[in-house]
Every structure is written in C-alpha cells, then in structure tokens.
Amino acid sequence: MKYDFNKIEKKWQKYWADNQTFKAVNGSDKPKYYVLDMFPYPSGAGLHVGHPLGYIASDIYARYKRHQGFNVLHPQGYDSFGLPAEQYAIQTGQHPAITTAENIKTYRRQLDQIGFSFDWSREVRTSDPSYYKWTQWIFIQLFNSWYNNESDKAEDISTLETIFSSEGNTKVNAVCDDNVENFTADDWNSFDSKKQQEILLQYRLTYLAETEVNWCPALGTVLANDEIVNGVSERGGHPVIRKKMTQWSMRISAYAERLLQGLDKIDWTDSLKESQRNWIGKSVGASVTFNVIASEAKQSANYKSNTSDAERSRSDQNVISTTLNHQIEVFTTRPDTIFGVSFMTLAPEHELVSQITTPEQKAEVEAYVLATAKRSERDRMADVKTISGAFTGAYAEHPFTKEPIPVWIGDYVLAGYGTGAVMSVPCGDERDYAFAKHFNIPIPNIFDGVDISEGAFSDKEKTVIGNSDFLNGMNYKKATKRAIYELEQIGQGEGKTNYRLRDAVFSRQRYWGEPFPVYYDENGMPQMIAAEHLPVKLPEVEKYLPTETGEPPLGNATVWAWDTNKNEVVSNDLIDNETIHPLELNTMPGWAGSSWYFNRYMDANNTEEFASKEALDYWQDVDLYIGGSEHATGHLLYSRFWQKFLFDKGIVPVDEFAKKLINQGMILGTSAFAYILKRSAEMPVSYVNEDFDKFQKAKNFFSDGLKTFVISKELRNKIVHNQATKKDLVEILKYDDWFDSESKKKGLDIKLNDISAIDIREVHVPVEFVNSSNEIDFSKYEKWNSDIIGAVILSDVAHREVEKMSKSKYNVVSPDQICIDYGADSLRLYEMFLGPLEQYKPWNTAGITGVHNFLKKLWKLYHQGENGSFYVSSEGSPPSEGLGEALKTLHKTIKKVQEDIENFSFNTSVSTFMIAANELTAQKCTSKEILEPLLVLISPYAPHIAEELWEKLGNSGSISTAPFPEFDASHLVESSKNYPISFNGKMRFTMELPMDMSKEDIEKAVMAHEKTQEQLAGRTPKKVIVVPGKIVNIVG
RNA sequence: GCUGAAGUGGUGGAAUUGGUAGACACGUUGGACUUAAAAUCCAAUGUCCAUUAGGACGUACGGGUUCAAGUCCCGUCUUCAGUACCA
C-alpha cells in the first residue's frame, strides 16, 4: 500500500478540526502548559518556508506536552494592524480591513495545511474591534495611573489627587515630567480644573507631551529612525527634519529598574537579556549643577586680583545675581574627575542655549543650531568623525574651584540622553579630548603618572587622582564617593542613576491602527471615554493619506466627534465644544495590540472582561514562547512593561509574561543576480533629451531580451560598490566583438561610446533566469522601469548569495508546493532537520527527499504483509533475539528523542528516527510492542502519518493524548564494549571486550593482542591508560 | 568601538562530564532492476601517499594544559547579528 500523504494529511486535518482535538479547556485536573508563538502579521505575500519554522518547533513541544499529560494551551492569531495594509489602501483605495481579512484567509489555509495543533477557538486579531476594545481599555488604565516610587508600583491617579490636595507635590516621590513646578496643597486647591489636569498629565503613565520626532513634510508623517536613509525618507527620498510635536507617550522609564531586575528571573537567552540590558542602559554616577555666570561678571571674576574692593564686591554681587538665573545640570559617571573639567558642552537643542549666549556669539551659535537641526539624529550618529561646535560666550562656575568654565555647544552631546549637557573632562574622555584639541581648549591633567599628550585616559581601574584638592591620591571608587559627598555638602549635586531607556512615543499619524479612546474638551484637555462605551471603532475615511492641512488620516473622517450625552461617535459638523467634542486623530503604534495578546488567549471570547480572573489565575503565564530575536527591544520590552503595569493594578497574577523564550533562527533563501544597464542617476534630464535619440537606440538594441556575458569577479565587485565605469562596460560588451557586429546587423549604427551616462547595477533576479539559457523578457518585472536601457548581463558562473527571504529578492520558497509534492509531515521534519532551531540556515528544497524517503521507509515498516499490505504482529511478546534488538532500538530512540525535545534539539531527533527506521527495517521488525510506541515518539514531528498508522493499529481516537512511552534503561545494558585501542592518543584498532572486565584484565588482553605487539615493535610501553567502558591508550 | 553568537568534508549539519572526528542526510560516482525513464535497492565518498597491507595530515590560525583536545586555557584572525558620540 502506497504512502498517500496528501490523502492522509487532509483526512486528519479534517478530523482534528471536526473533533476540536486541540481545544484547550480552562481548568482541568491536568497541570497546565502554555506554548505560544509570536503571532504573525498577515502580509499579502503569504507564508514562505521560513515562517513556519518556529511554529513547527512550538507545535512539536505542545504535542509532546500533551503526550506527557499536560493541559496544553497552544493558540494562534494575527497582529493585523500595520503599515503594509495601509500602504496598499493608499495605492488602491481598498479598505485595509478587506485586504487584511483576505490575507488572514490565505494565512489560515497555509497554516492548516501544515497540521498545527492550534486551538483556533481562541484566535485573536488585533484589528478586530472586540479585541482592540481591550487595548483601548488598557490605555485608559495607564492614563488613570501614576508611578509611586515609594511603593515602587503604579497606583490609581486618584491617590495622587488626594496627596496634592492635602500636601501639595513637594513630598511626592513619583515618576513624572522633568519640568513639573512645585506647589502646596493650597496652591493645588486654588488651581482651576484645567490647570489641575495639566499637572496630572505630567504624572500619568501615558501622557501628552512635546516630543522631538523625525517629521517628513512631504509624506505628512513621523518616520522611525530606520525609515530614514541619508537624511531623506526611505520611501520617495523626501527631506526629513527634526520637529517637536505633541504626541502620546508611555512612561516606560518608570519601570526601567524593574524591567532590568526582572530579567534575572526569566529563562530567556543571554544575548536577548543583554540587548534588553543595553537598551535600558543603566549607568550610575552623579548629577552636578553648574551655575552660569554672566559674561561681564566673568570678566571681573577673571581680573579679580587686580580690581579694587569696591569693584570686587560689585562683581561678587553680579555673580550672585546672575547665578540665580541659570543653572546647568549635567549627568556624569565620573564625578571623580570633576577637577579636570575645562569646559562644558550643551546639546544644540538645549533650552538654555538661547538664554545664555552672549550677543557677540549669537550669530555663530544660531547658525550652528540651525545646521544641526537639519540633520537627522541617525545622520548625526553616523558621522562621528567630524568635530563641530560653537562657543556660547557664556561661562559657568566650577562648583569647587569657582574658576570660570567656558560653555560650548556641540552636536556630540545628544539632547535626548541625560540632561543634554555634559561637564567636559578632556583628560578623561576621548570625545571631550578631541573636542578640546579641535577648539584649542586647555586639557588639564588630573591623573597621577599618566601621559595624556596623545589622548585621554579613561581606564577607571588604574586611576589615581591628582591636582584635585580633596580627591588627591584617591582611586576611582573612593574619589567618586567623596566627590558626591562634597557636592551634596554644597548643594550642587547628588548621586544619581541614569537610564538610557526613553519614554516610548505612542502616537502614529496612520489610519490602520487602534483609535485612541480620547476626545478633547473645551479646554483642549484630553478626556477618556468611559470603558463601558468601548470600543471606539475606526471611522471610515475617503482617503488614507494625511489631510491637506497636515493632519493624520483620521482628519479625513467626517464622523469623528464624541457626543458626551449620547456617548457615541457623531458627525464632526456637530462639534459645539459643550457636549460634542473632537476625537483624537492619531492612532496607536503597531506594538499596542501585541503587548498583551498572550493574556487575551487565556479567555479570548470574553466580552465582559479583558480576561476572567479564573482564566488568568489558571493559565498564569506563557511557559514557552518562541519567536524571532528581532523583537528583542521592541515587542518583548513593551510587553514586559505592560505586564508589570497590569500586575501592579492587580489585573494579572504574574509580572513576567513568559518564563522561557527561544529565538528561532531565520531560514535564508538563495538569491541570484544579474546586471542591468540603467540610465545614470547623475545624468541630468536635459542631457537625456539631447541624447535621447542615442538613448532610445541603445534601448532598442537591447530590447529583445536577456543577453548573456561573462563578467569577472573583480568587475562584479566594482559594480556592487558602484565603482564600475563606462570603460568597464565597454570591456564587457566588446567581449566576442558582439556589440559592434550586432549593432551593424540591426542597422542601428551606434557605437558603445555613444551610449552616454549609463550605470551598471547589480539586481536580484529569479533563480530561473540564471538557470535558463533562453533570452527572457524581463520587462514584466516591475522593478525594472523605463530608466533601464535593458541588457541583463550574467556572469558565466552565476553569482549566488544566501540572504533573507524576500519577495523583492525573488528568493522566496513557498510551503504550498512542498506540501503538495512531499506532504506536511515531510515539510515539518525537514524544517527541523535543517539544523539547530536558533541557527540561521539556508533553505535548499532538494534536500527534502531525505526526510521524505524516511517517511516512506517508516510507512513500509508497518506494511510488510503480502503485497505490501498493512501488517503488524500483535502476538504476545516472543522473547526472540530479534525483539531484543528491536527493544534496544526503541528505548535508545525514546531516550534520545525525549532528551532532544527537552533541549529543543529537534534536528538530532530527526536523525534518531531515521536511524531507528533503518535499524528496525534491517531487523525486519513487525512487532506491535515496538511499532506502536514508536508512533507516539514520532507523532509530535509527523502527526499525520502517526495518526494514520495509529488508527490502522486498531486504536480509536487521536494519538495526540496517548501517553509518551517510558524509557527503560534495562534494554540498553550492554554485555560487551568495542574498545578503541590507541597508541599515543591515536586510535589504531578496536577490540571487543566484556563490559565487566577489570582494568587489569583489559590491560592484559590488550597487551596480548597481536596488533598491539605490531604497534609496539618490541618497545615496552611507558604507561597504559585503561578507562573501563571508554578507551585504552598505550603510551610508549 | 562595545555586546552577543559562530568558524568542522563539495553542502546542511553530528559528536554526553575531554575518550574511535565527520552520525544522519543532501550531492557526486559506480552497480542492480527497467526497452527506457522515474521510483527503489546495493556500494563507495575528509584530503594526500600507497597495487594492497597500511601510513601521513586534518575541526579558522598560533601557542599551552593533558595519557588523550572540535571540546579546557592564553593570544590572533574572520563571519554574522544587535547597538552606538550614552557623558
């Protein structure tokens, strides 16, 4: 009987769906186990073979846990809000909800054909109002909370209001905006409601604030750093500027320390934890306040010794009066180097810059500020070599020496880190050193026995401080402590811990995202829509682009106002600022919906609650989470933040959502390349017009298809690095004198030199192109537009590279055809067989025959009857020698497979199955005693064939909950060992000796062997090492 | 620069606490079956020397520890990923 995988797989997929085999129940006598995959974004391109890798691994684990008697929750859903659907909508006018639904359908079909054991009754879609209702609800909870540093948790905002009205805010230890003003209880009670709300907003865990963003005026949207290339937008190449905008933010910084500490109690990979630690970026040091002295005061201060008493007292007054005006606060990790400060540097965006700059320096400073504003942050970061800055003309006073310190601005200081200002210690910091050298600022040396003529000395361990008053002779640790103490004594500093982690901007100027449950009242203050009126559904819009006035796409909605009487969305025309108010136009970012979905699966269909308390208490958290490492600092950090917040509010029972996390590696595709001739980007349009005739002729020349040439490796490198010149082109085309003769033949009468301003570029092409010797019409490939003259040049040995699978690289392999040709079980086995789960590895469809043949062999093992009919002997247990061997094979396999699954080493268990099948085939094993438990072992990996054979064995129902076979070590006991006999560490021959033979007897036996004598050639061995059960080594 | 991971045949990759390097596959070659192909089965397959027997070399490179090193230690190089003027 043939192994008809297509029929078998369909049959069992239908069976599982019809019987809801994998539906998890909330509450059970069995212990719970929650296996989760990172849910996919349903893109239009569908799945490629890389996507299911992690799903297969988690599915194997989930199935294994079911065999072990766990109540397994293994859900799946879709992260269905996102940019591609919106982009498609902009291009085609098609509503994102429609395309998303279609894409989900495709995904579901593709997932189903692979035979996953998902509980689809719990499916979630982030773009579904019944889901995002709760995303909005969590947003409201965040809005209604503040972070109390005393209790170290989030609390209801009402507790803060109570404190304010009874004692003001001076004693409150809360995480809040930097610039909150102090007020007393009386002040608070006298404030009007608007003022009170403004203040509260500075404490809420989600808040509105002016944030500096990358704004692209042409696209009318904010761009993320990675959407900007060389200072212009990746899409369209439009200029991008830094701009302040009012945006919703999430006060994740409140949780910085807990996010850091929490890493210690979860079983995630070290590299991932390390990325999160770096991202949180804790650094311990001090904050130091420097008083700014006015320029005239500074001058008198400088000449103090020469001035009269009267003048001195006047200047002192001057100093005092001006120091009250401005203070510069800096953060430093090296307070021990405070006596090495020779200047200060502010970020150009620092708010003090305009206030302290002297009239003489104004022009220079303003020019510099403007110049930096034009550069994107990434641009600034990328260009670290160029030193630039400007002197403000202002001076600050050293807290101890009272010496004047010039205040500079420089773009190496980032506004977004610390306080946006640094005390510059050129002798101890490379950047400060370079800056000081460049602008001829003195570099005082405060390190004993260190030469700083060539560069700064930043080694903390070897530091001995000198020239530093009370810090002299101290090491880094001592000096730091003392410096902080002294700063505290004079009230100009304190020990401080700084985190790199910034509050997360939560507003997007997009259509296809969760709308905020927020309207703006007559004072322009944000108000939450009461939870019982959620969800606030996305409005319909005519177009998905920003409005002409630059408002986000929701600004196009005509029915987008909130009626506080009727508690529903009404037409904008009705806005009266009394009962009907405008709604928020921004939407939430992609990570909103994915930051809590793992909790929703526990009770996905609950309409009353986010999830019931019973469900949350039962499932607790994710036991195993599998997904890509690219989410290390995004999704995985935000989710931990929300989880901790929800924990503080008593909504969820644990403050870390996933106990164990594994990153699956990427499956890479093989790309092929060709080389195109393209109108040079540098060629001005006017030039094209002049030369249009020649350009067209060249185009005609190449128009009839693909040409094949030989290109050298060197030339290829040139092309890739955009260094190929026309001379190189001439060289290629002269090959075989092909160009000249062809040109004449066609009567085009052009010479190579006539074709001006042509670039040669490397482009991805479908692999079939490279394999084909035919001329191929490439005009149907959209990427190749009218700027392309047309020739495609292939190297003799087509260049291939292994890279990420992507539609644009034409290297995508779809699982669909593989399921048709080889079956889902083969696909599952092969994906696991490719290599370790975490590793990046290339895909090669050809190799699948190996695992496919194994499945056929396995099938045959159960069909050794007449004409290959199903035959498994269920005769008792004949103690024949054959079965002894088979038992050994079985138990060896049980042991190895169980170990492998628990170590997530799925690739080696596939090998183990192959070995088992090979051995049992050789043993001609037909015993049910062996072949039945074997099926349970294989079932997590290849569930369809396992179910089919399980049924044929006469079992009713699914194999999925059959108990995992128990390993019995007694079957593996060996009576003898084939000892490797080595001489000086080199294995020469083997010898079969009894297991229980003593060390001495082994040595005797080995020494008596003729080959030993041969090897020794008469010499007497110096030493004989015998490790019973392992090895014999003779040293001589 | 920093952090993390990794370097093993033509390819993907195996190798418990240091104990027979290259399991299991792919590919290649040869053979069987077939009119032929496919499928299937059998054999060989790290490199080099040798007719065989056998030998030398071999886990990025250079050292070291050890009876014994892919594995442990020191140094170097390369690749990949993340991150970056973080004060």
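First the proteins, then the strands, lettered A, B, ... as listed; each starts at 1. No hydrogens, no waters, no symmetry mates; every other heavy atom, side chains included, goes into these values.
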For nucleotides 55-61 of chain B, list the nitrogen or oxygen atoms of the protein found under 3.5 Å from its nitrogen or oxygen atoms, one pair per line.
{"unit_1": "B:A56", "atom_1": "OP2", "unit_2": "A:R988", "atom_2": "NH1", "d": "3.3"}
{"unit_1": "B:A56", "atom_1": "OP2", "unit_2": "A:R988", "atom_2": "NH2", "d": "3.4"}

Under 3.5 Å side-chain donor-acceptor pair for [X] and [Y]:
{"X": "A:D411", "Y": "A:T372", "answer": "no"}
{"X": "A:Y499", "Y": "A:S253", "answer": "no"}
{"X": "A:S909", "Y": "A:T912", "answer": "no"}
{"X": "A:E430", "Y": "A:S458", "answer": "no"}
{"X": "A:S982", "Y": "A:N1033", "answer": "yes"}
{"X": "A:S424", "Y": "A:T345", "answer": "yes"}
{"X": "A:T633", "Y": "A:Y638", "answer": "no"}
{"X": "A:T289", "Y": "A:Q492", "answer": "no"}

In whole Å, measure the gap between the [atom1] atoms of [N] and [M] for me.
{"N": "B:G27", "M": "B:U76", "atom1": "C1'", "answer": "35 Å"}
{"N": "B:A14", "M": "B:A6", "atom1": "P", "answer": "12 Å"}
{"N": "B:C80", "M": "B:C73", "atom1": "C1'", "answer": "26 Å"}
{"N": "B:A23", "M": "B:A15", "atom1": "P", "answer": "12 Å"}
{"N": "B:G58", "M": "B:U8", "atom1": "C1'", "answer": "10 Å"}
{"N": "B:G63", "M": "B:C57", "atom1": "P", "answer": "15 Å"}
{"N": "B:U35", "M": "B:G30", "atom1": "C1'", "answer": "22 Å"}
{"N": "B:U47", "M": "B:G10", "atom1": "P", "answer": "7 Å"}

Just jot down the side-chain contact (heavy atoms from CB on, under 4.5 Å) partners of A:A479, sequence neighbours excluded, or say none. A:D336, A:I465, A:L471, A:M474

What is the base-pairing partner of [N], counting Watson-Crick and G-U wobble geometry with both distances under 3.5 Å?
{"N": "B:A60", "result": "B:U76"}
{"N": "B:U45", "result": "B:G27"}
{"N": "B:U83", "result": "B:G1"}
{"N": "B:C67", "result": "B:G19"}

Which nucleotide in B:U83, B:C67, B:G27 has an atom nearest any side-chain atom of A:V1035: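 Selected nucleotide: B:C67.
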
Among B:C26, B:G4, B:C86, which is the nearest nucleotide to the side chain of A:Y417? B:C86

For each nucleotide in nucleotides 9-21 of chain B, reading 5' to 3', give B when a protein heavy atom comes within less than 4.0 Å of its base, S when such contact involves only the sugar-phosphate, and - otherwise. ---BSS--B-BB-

Suppose we call two aromatic rings close when their centres sit under 6.0 Å apart. Are A:W843 and A:Y830 close by that rule? yes

When the aromatic ring centroids of A:F435 and A:W408 are compared, is their separation below 6.0 Å? yes

What contact category does [X] fall into here, base, sugar-phosphate, or nothing, at under 4.0 angstrom with non-hydrogen atoms?
{"X": "A:T912", "value": "nothing"}
{"X": "A:T333", "value": "sugar-phosphate"}
{"X": "A:S271", "value": "sugar-phosphate"}

RNA chain B contacts made by residues 424-432 of chain A, counting heavy atoms under 4.0 Å: A:R431

Going by the salt bridge (charged side-chain N to carboxylate O under 4.0 Å, His left out) test, which pairs reach into residues 900-922 of chain A, not counting sequence neighbours? A:K892-A:E919, A:K896-A:D900

Using a strict cut-off of less than 4.0 Å between a Lys/Arg side-chain nitrogen and an Asp/Glu carboxylate oxygen, indicate whether A:D432 and A:K437 qualify as a salt bridge. no

Syn or anti conformation of B:G55, syn meaning chi within 90° of 0: anti

Quickly work out the [X] [atom1] to [N] [atom2] distance and round it to whole Å.
{"X": "A:E838", "N": "B:A5", "atom1": "CD", "atom2": "P", "result": "12 Å"}
{"X": "A:E274", "N": "B:A84", "atom1": "CD", "atom2": "P", "result": "15 Å"}
{"X": "A:D821", "N": "B:A38", "atom1": "CG", "atom2": "P", "result": "17 Å"}
{"X": "A:M666", "N": "B:G82", "atom1": "CE", "atom2": "C1'", "result": "12 Å"}
{"X": "A:I328", "N": "B:A87", "atom1": "CD1", "atom2": "C1'", "result": "15 Å"}
{"X": "A:W408", "N": "B:C85", "atom1": "CH2", "atom2": "P", "result": "22 Å"}
{"X": "A:F913", "N": "B:A25", "atom1": "CZ", "atom2": "P", "result": "14 Å"}
{"X": "A:F290", "N": "B:A87", "atom1": "CZ", "atom2": "P", "result": "16 Å"}

Mind checking the NE2-NZ spacing from A:H971 to A:K895? Nearest 0.5 Å is all I need. 14.5 Å

Using the rule given for ring pair (Phe, Tyr, Trp, His ring centres under 6.0 Å), can you reason through A:Y941 versus A:F913, listing the C-alpha separation, both sets of side-chain angles and the distance that settles it, and then say yes or no? CA-CA 10 Å; A:Y941 291 81; A:F913 290 139; 5.1 Å; yes

Quick one: do A:H398 and A:F339 satisfy ring pair (Phe, Tyr, Trp, His ring centres under 6.0 Å)? Show the steps, please. CA-CA 8 Å; A:H398 191 284; A:F339 286 94; 5.5 Å; yes

Heteroatom pairs (N/O) under 3.5 angstrom, protein to nucleotides 40-46 of chain B:
{"unit_1": "B:U40", "atom_1": "OP1", "unit_2": "A:N853", "atom_2": "OD1", "d": "2.7"}
{"unit_1": "B:U40", "atom_1": "OP1", "unit_2": "A:K856", "atom_2": "NZ", "d": "3.3"}

